[in-house]
S.K.: 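This structure is in structure tokens; I'll ask about it shortly.
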Amino acid sequence: MSNNKGRLKNTEGDGVFRVYAHGNINMIWNGDNAIYNAVDFDKAMIEKNKNWAKVDNYERPVLILFACLSATDVDNNGLDMQIEIPV
């Protein structure tokens, strides 16, 4: 796996966005802030990666989320976070 680390880090302009964060039910911790919803996630992503501001312009963007429990929202009847983020 260590050989892949450099290949997976901060690629630019390919439409693939990798997020490494701590996760828990209803939130993601990005090291600076607790993120509880798609709007705050979007703001944090733009701060961390200038390419996220134009994510809607990519033909097939990919978000890879490396965070435990972050796809669960118990206050929304257990719906996945992906449902809350418009595509």
Side-chain angles (χ1 to χ4, degrees):
M1 183 71 177
S2 61
N3 292 339
N4 291 331
K5 187 174 182 182
R7 185 171 59 90
L8 296 176
K9 185 177 181 198
N10 298 326
T11 55
E12 288 191 30
D14 62 358
V16 178
F17 299 89
R18 294 164 186 88
V19 175
Y20 301 90
H22 297 286
N24 206 335
I25 295 173
N26 289 336
M27 62 86 71
I28 302 170
W29 175 259
N30 73 353
D32 298 318
N33 300 299
I35 300 167
Y36 294 97
N37 57 56
V39 171
D40 291 340
F41 179 83
D42 194 47
K43 289 177 188 175
M45 284 294 291
I46 290 170
E47 287 177 14
K48 299 286 185 183
N49 187 326
K50 65 183 180 346
N51 289 319
W52 185 258
K54 53 188 175 187
V55 68
D56 293 331
N57 297 332
Y58 290 101
E59 184 177 336
R60 301 182 97 174
V62 175
L63 173 62
I64 304 171
L65 185 58
F66 296 96
C68 297
L69 299 173
S70 58
T72 305
D73 181 358
V74 295
D75 290 336
N76 198 13
N77 297 321
L79 294 176
D80 287 347
M81 186 179 181
Q82 69 180 352
I83 294 170
E84 296 180 41
I85 301 172
V87 184

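Throughout, numbering of the chain's residues begins at 1 and tracks the sequence. In this text the structure is predicted, and so the values were computed from the model without any measurement.
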S.K.: If the condition is side-chain hydrogen bond (donor to acceptor under 3.5 Å, both in side chains), which residues does Asn57 pass it with, not counting sequence neighbours?
M.R.: none

S.K.: Can you label the angle between the Phe17 ring and the Trp52 ring as parallel, tilted or perpendicular, going by 30° and 60°?
M.R.: perpendicular

S.K.: What's the spacing between Met45 CE and Asn30 CG if we round to 0.5 Å?
M.R.: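 If we round to the nearest 0.5 Å, Met45:CE and Asn30:CG are 10.0 Å apart.
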
S.K.: Is there a side-chain contact between Ile28 and Leu65 (heavy atoms, below 4.5 Å)?
M.R.: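 Yes - at least one pair of side-chain heavy atoms lies under 4.5 Å apart.
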
S.K.: Ala53: what forms a side chain to side chain contact (heavy atoms under 4.5 Å, CB included) with it, not counting sequence neighbours?
M.R.: Ile46

S.K.: I need the minimum non-hydrogen distance between Ile35 and Asp40, along with the two atoms involved.
M.R.: CG2-C, 3.8 Å

S.K.: Indicate the atoms forming the closest heavy-atom contact of His22 with Ala67, along with that distance.
M.R.: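 Closest pair (atom of His22, atom of Ala67, distance): C-CB, 4.3 Å.
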
S.K.: Once you round to the nearest 0.5 Å, how far does CG of Asn33 lie from CZ of Phe41?
M.R.: 13.0 Å

